[in-house]
Structures are given as C-alpha cells and as structure tokens.
Amino acid sequence: MKRKYLWVLALFLASFSAAFLPEKVFADYDLTKMDVTAIVNSDGSLSMIRKIVYDFDDSANGVYYTQNLASGQKVSGQSVEVKDLASGKTVKPALNNQADSGNVYHFNKDGNSYKFKVYHHVDDGKVQVVYRYKISGAVDSYEDASELNFKIVGDGWDKEISNVTATVRFQDKKLSFLKGWAHVNANGHLTVDKEKGLVKAEVATLPEATFLELHLLFPNSLVSQNKKQHSGEIAAKVVDQEKALAKETAAKKARHNVYELIGLALFALSPLLYLPVFIKSRKSGSPVKAKKEIGHNFEIPAFSPTTAQILVTKKDPDGKALAGEIALRAGRGEITIKAGKKGKNFTYAKTSKYKGDLPLLNRLFKKVGNGQSFSNKDLKQYSGSQEITSSYKNWQEASQKALIKEGYIDQKLQDREELLSLYTLGLMFVSVAAIVVCFFLYDKYTFWLLPAILWVLATFGLARLRLHHFSDLTEKGARATEQALGFEAMLDDIGQFKLRDIGELTLWEQVMPYAIAFGLAKKVLKQLKLEFPEEIAADPYWTYYYAGASYGAFASSFDEAISSSAGSGGNFSASSASSGGFGGGSGGGAF
C-alpha cells in the first residue's frame with residue numbers, strides 16, 4: 001500500500017525556505033529612487049549630492065549610509081537633509097554623535113569607511129534623505145588625460161534600488177574630449193555629452209548587492225590643481241582595458257544566453273525522467289474491477305475488518321478498524337462493553353473467552369487500564385504515550401505484512417510501487433523548485449516557459465495517474481478487494497433493500513464490525529433499528545451500539561490519543577566586471 005512521504009515534503013519546504021525566502025531586515029521599506037551627482041572640482045575632489053528615497057511600510061527610527069573609499073581619500077564638509085515627500089516638510093539633522101534620538105545624525109570614520117547614521121522617526125510613507133559631502137583625491141592625472149574610476153553606487157545595499165540615476169558633472173562645458181564607460185550587472189543607458197560636460201548612467205532597477213561603476217577620461221585642464229599627478233600616458237591603456245572588459249562582457253552574455261537556452265531545453269525535456277515510472281509500472285498485479293461492475297456483495301468477508309479496510313482504502317488501518325476488531329471480539333463474547341452515565345464513557349472488559357490474539361488491544365488493557373479493563377476516559381487521559389503510539393504503528397505494520405503473508409499482496413510489486421511513488425514525488429519537488437527559479441531567470445522567455453511548465457506538470461499528473469492504477473495485488477488479493485468493495489457498497493446503500501431478506505439480526509451482528517471499520521456504523525444502525533426494533537430491544541448485544549455510539553466514541557478517543565503523541569518536534573557593460581574603481585561596498589539601509 002502507498003506510504004505517506006511527509007518527511008520528504010518537510011525536507012523540501014525547509015530547503016526551499018532557506019534558499020528563497022528573504023532574511024529579516026531592521027525595518028520594512030523599499031528603495032524607490034536614488035539620484036547621485038558627483039561634481040568634479042579643480043583640485044580633483046568630488047562634491048557629492050546623494051538623494052535616496054525610502055518608502056516605509058511601517059515605523060522606523062532612521063536610516064544609515066556608508067561611503068567606502070580608497071586609501072588616502074577623505075570625506076569632509078558633510079551635511080544631511082530629510083524631506084517628507086507627502087507633506088513637503090524638510091528638516092536638517094544636526095551632527096551629534098552622543099544623541100540617539102530626535103533629528104540628529106552620527107558621522108564616524110572606520111578605516112577607509114565613513115558612516116552616516118541619521119536618527120529621524122518615520123511612521124510610514126516616502127522620505128527623501130540627501131547626503132552632501134566632499135571626497136578628496138578622487139581623480140588621477142597623467143600626461144595625456146585625467147581619470148575618474150568610481151563605484152558611484154556601491155554594492156553594500158541589501159535591497160534592490162529602483163530608478164537609479166548617476167551623474168558626473170564638470171565645471172566647464174564644451175570639452176575637447178570626454179570618454180565614459182559604465183559597469184553594472186543590470187540593463188541601463190549611458191549618456192556621454194562633452195558639450196554639456198556630463199556623463200549620466202540610468203538604471204531602472206539595480207539588484208541588491210550590485211554596484212554601478214563609472215570610468216571616465218577627460219582633459220587635465222578640468223583638474224588643474226589636482227595633486228595626484230602621475231608620469232606616463234593613460235588614455236590608450238584605459239581604452240584597451242575597456243575593450244577587453246567589453247569583449248569579456250559580450251562573451252559572458254553569449255555564454256549566459258547559451259546556458260539559459262540549455263536550461264530551458266533541459267527543463268522542457270525533464271518529463272523524460274518520468275519514463276522509468278511508465279516503463280516499470282507496465283507489469284503490475286491483478287486488476288480490480290470498477291465499483292459499478294462489482295455491484296453489491298451480501299456475503300460476509302472471509303477476512304478481518306482490518307484487512308477489509310486496508311483493501312478498500314489502500315491505506316494503513318486506523319482507529320475505526322481497531323474499533324471494528326473490538327466489535328468482532330465483543331460479538332464472540334471475548335469482551336463486554338458497558339456504558340457509563342449518560343452513555344458518554346464506555347468500559348471494555350475481558351471475559352474468560354478472551355484470546356488475546358491482538359497485541360495492540362492487549363497493550364491497551366495493560367497500559368491504559370488495570371489489566372482486565374479500560375475505558376474511553378482512561379484512553380483520553382493516557383494521550384501522549386509514545387509506548388501506545390509505538391504499539392499502534394507496530395499493529396499497522398503487522399496488518400500490512402499480514403496481507404503479504406496471506407497472499408493478498410505481492411511484496412516485490414509493493415516495493416516497486418513505493419519506490420516509483422517516492423521517485424515521482426522527488427521529481428515533482430525538483431520541478432517546483434525549477435519552475436520558481438525559471439520565473440526569476442528566464443523572464444524574457446516567458447512565452448516559451450509557460451508551455452514548458454504546463455508540459456512538465458501534465459507529465460507529473462500522468463505519472464501519478466499511472467501509479468494510481470498500478471496494482472500490487474495477487475489474483476487472490478484482487479478478488480478479496482472486489483469482495484470488500486462490494487460489501488462496502490452494500491452497507492452504504494443499506495436503505496435500498498429489506499434487511500430481513502438478507503438475514504436475521506444474528507447475521508447483522510457479524511456485519512457490524514465491518515460497518516464500523518468502513519465508517520458506516522451509524523447508517524447501518526439506523527436502518528437496523530427501523531427493521532428490527534423488537535429484536536434489538538431484547539438483545540443485550542445491541543445495547544452498546546445505542547447507548548451512545550460506543551465504537552465511534554472509542555475510535556475518536558483512540559485517534560485523539562495517537563495524534564497527541566505523534567511527535568513534537570559609451571559602453572554600458574551589463575556585467576559585474578569592474579575596472580578597479582574606488583567606492584565598492586558602499587551602501588546603507590534603515591533601522
């Protein structure tokens with residue numbers, strides 16, 4: 001019979017959560033805009049204006065920003081401005097490294113990093129924070145040109161940034177020459193305008209932990225007072241370097257496209273992995289007729305209520321099956337059942353005829369009761385016992401093995417079915433993970449991705465359908481299953497015929513254990529009471545059934561006990577390649 005692979009699902013969900021769910025951040029916000037302007041001064045320094053728009057979903061105490069620099073560079077002349085975009089109100093926090101509330105900011109140097117921490121309480125909504133400061137020693141001058149190589153947006157952000165604009169401006173216009181390159185692992189646009197004296201990079205969405213680097217060459221006359229002077233020429237070297245980077249980027253993009261197509265092809269071909277399921281399931285056991293072909297069976301099965309339930313449900317036996325076994329033994333006189341006050345508690349007691357052939361029932365008498373009897377109330381109070389749970393699982397396993405021993409199930413076919421089911425579920429989990437990854441990686445191939453996903457899911461459905469019809473039954477098992485299904489159908493349709501035409505009340509005493517195991521006891525009892533009212537009133541055997549649904553109460557109490565103890569348990573380079581600019585690692589967030 002089919003097993004439950006909950007541990008596989010739990011493992012998959014844990015792995016999936018660890019791999020794809022975001023980490024907790026200090027405050028809930030989005031970065032909806034960043035506008036950075038770097039003005040090149042004659043001494044080779046940069047006057048920075050960095051405008052960042054935060055969209056808060058709840059309250060926050062403030063924001064922070066870190067500017068990383070190269071050795072020898074410094075930040076000076078800093079100031080901070082905060083604007084509430086809804087009200088238009090602007091405040092200028094004061095520098096105060098001792099205060100940690102109100103409109104103040106801290107400014108500290110740590111190695112080559114300069115850190116702003118702005119204390120400004122926000123409930124929700126959009127806030128623009130403007131950082132102004134000067135970076136010294138940003139430009140290197142050579143005999144033929146000056147160079148600025150600057151990660152103007154660092155990779156120290158743990159959130160993606162929307163609407164990024166980064167501009168480098170010069171004091172003069174109509175420059176004799178101006179060359180510029182942008183490096184970023186995202187799509188965007190670069191403008192190099194020597195007439196206006198500016199270079200501007202625009203990126204719609206900058207992924208988290210991604211830098212935007214600008215590499216510029218311009219006339220030395222623009223930084224005539226620059227102290228960072230170097231011998232030799234630089235322009236040809238930079239052009240060659242950028243050509244190499246562009247070539248490398250193009251090669252990476254081409255390889256990436258090839259990998260994407262290969263990935264899509266493999267994903268589309270992944271249903272072929274289900275072939276072993278279709279091949280290995282061709283030779284199965286004896287088939288079982290459809291229910292409508294079987295019809296009603298009025299003969300009492302030649303096997304136990306537990307076996308009947310397993311054959312019908314194809315699952316492990318449950319509390320109803322155990323209640324049916326108790327009813328069977330009560331009918332033989334091995335057990336007596338007495339109702340308590342108001343028929344809400346039942347006591348099960350051994351008689352001298354008790355055979356003790358059911359280990360789980362023996363365990364209940366010994367551990368839950370006093371060795372001779374136990375009640376539903378005792379069973380509920382004993383909930384949480386690992387010993388009872390262990391005995392219950394042993395009974396389930398023994399019941400399944402009994403079907404193999406008695407020749408109803410072929411062991412080899414059952415093992416094959418379980419292996420194929422596990423294999424199919426494993427492929428399904430991998431396919432779900434692959435679908436999630438594909439939606440993130442292959443957005444430009446959505447037109448082709450959707451049919452591929454439908455094809456993968458359809459194949460999984462066909463594989464599960466094939467296994468659903470796979471039989472691990474022997475010829476004897478198939479005929480027994482048909483007998484059990486026909487018997488269940490008869491009990492389910494019990495109001496459609498006269499019970500006396502089938503047999504007297506003594507016959508129905510033998511039927512009741514199966515009705516209990518199938519979960520049809522109430523329906524059968526109702527009809528029996530209509531057709532055998534006098535006999536039932538005179539027969540003490542039936543008093544247990546009508547004193548408060550004894551067997552239903554037992555099954556409920558037992559299942560509750562088991563479940564509670566079950567466990568706890570110029571060139572815009574869409575690449576991450578860098579030309580070596582300073583400022584890497586700069587970034588920030590909110591708290």
Within the 4.5 Å heavy-atom criterion, are [X] and [Y] side-chain neighbours or not?
X    : Y    : value
W157 : I52  : yes
E233 : K237 : no
H215 : Q241 : yes
L222 : L175 : yes
K109 : K74  : no
F218 : L178 : yes
V63  : F116 : no
V199 : V192 : yes

Quick check for you: to the nearest 0.5 Å, what is the distance between [X] atom [atom1] and [Y] atom [atom2]?
X    : Y    : atom1 : atom2 : value
E147 : L216 : CD    : CG    : 9.5 Å
L467 : L462 : CG    : CG    : 11.0 Å
R466 : S284 : CZ    : OG    : 8.0 Å
Q78  : I135 : CD    : CD1   : 12.0 Å
T32  : L85  : OG1   : CG    : 8.0 Å
D84  : H120 : CG    : NE2   : 6.5 Å

Take L245 and W181 through the test side-chain contact (heavy atoms from CB on, under 4.5 Å) and record every step on the way to the result. CA-CA 10 Å; L245 284 174; W181 298 266; over 6 Å; no
Run the ring-ring contact (aromatic ring centres under 6.0 Å, His included) test on Y64 and H106 for me, step by step, so that the C-alpha distance in whole Å, both residues' side-chain angles and the decisive distance to 0.1 Å come before the verdict. CA-CA 9 Å; Y64 58 92; H106 294 182; over 10 Å; no
Note: D140-K228 ion pair, threshold 4.0 Å (strictly below):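 Yes, this pair counts.
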Please name the pair of heavy atoms, one in [X] and one in [Y], separated by the smallest distance, quoted to 0.1 Å.
X    : Y    : result
K173 : E195 : CB-O, 3.3 Å
V91  : P93  : O-CD, 3.4 Å
V40  : V168 : CG2-CG1, 3.6 Å
A138 : L148 : O-CD1, 3.4 Å
S45  : D43  : OG-OD1, 2.6 Å
L206 : V203 : N-CG1, 4.1 Å

Passes side-chain contact (heavy atoms from CB on, under 4.5 Å), R464 versus S421? Steps please. CA-CA 8 Å; R464 292 299 300 167; S421 294; 4.0 Å; yes
Distance-only, no hydrogens or angles: does the [X] side chain make a donor-acceptor pair with backbone N or O of [Y] under 3.5 Å?
X    : Y    : answer
N220 : S146 : yes
T66  : K115 : no
N226 : V139 : yes
E202 : H189 : no
T210 : E208 : yes
D144 : A235 : yes
K280 : R416 : no

Give me each pair satisfying side-chain hydrogen bond (donor to acceptor under 3.5 Å, both in side chains) with a member in residues 121-133, each pair once, sequence neighbours excluded.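 Only R50-Y133, Q67-Y133, H121-D123 qualify under side-chain hydrogen bond (donor to acceptor under 3.5 Å, both in side chains).
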Stepwise, does the side-chain contact (heavy atoms from CB on, under 4.5 Å) test hold for V36 with M48? CA-CA 7 Å; V36 189; M48 301 295 303; 3.7 Å; yes
Side chain to side chain contact (heavy atoms under 4.5 Å, CB included) with F460: which of T424, L465, L427, V277? T424
Does NZ or CZ of K117 lie under 6.0 Å from the centre of the six-membered ring of F591, at an angle within 45° of the ring axis?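 The answer is yes, since K117 meets both limits relative to F591.
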For this output row, return yes or no: ring centroids of F211 and H183 closer than 6.0 angstrom.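 No: the rings miss the under 6.0 Å criterion.
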Does the side chain to side chain donor-acceptor pair (under 3.5 Å) test come out yes or no for D316 and Q400, once each step is laid out? CA-CA 7 Å; D316 288 331; Q400 293 283 5; 2.7 Å; yes
Check whether the side chains of D30 and S162 place a donor and an acceptor atom closer than 3.5 Å, and report yes or no. no
Apply the test side-chain contact (heavy atoms from CB on, under 4.5 Å) to residues N41 and K134: give CA-CA distance (whole Å), side-chain angles for both, the deciding distance (0.1 Å), then the verdict. CA-CA 10 Å; N41 301 311; K134 181 180 285 189; 3.9 Å; yes
Look at the rings of Y114 and F107 and say which category their plane angle falls in: under 30° parallel, 30 to 60° tilted, over 60° perpendicular. parallel
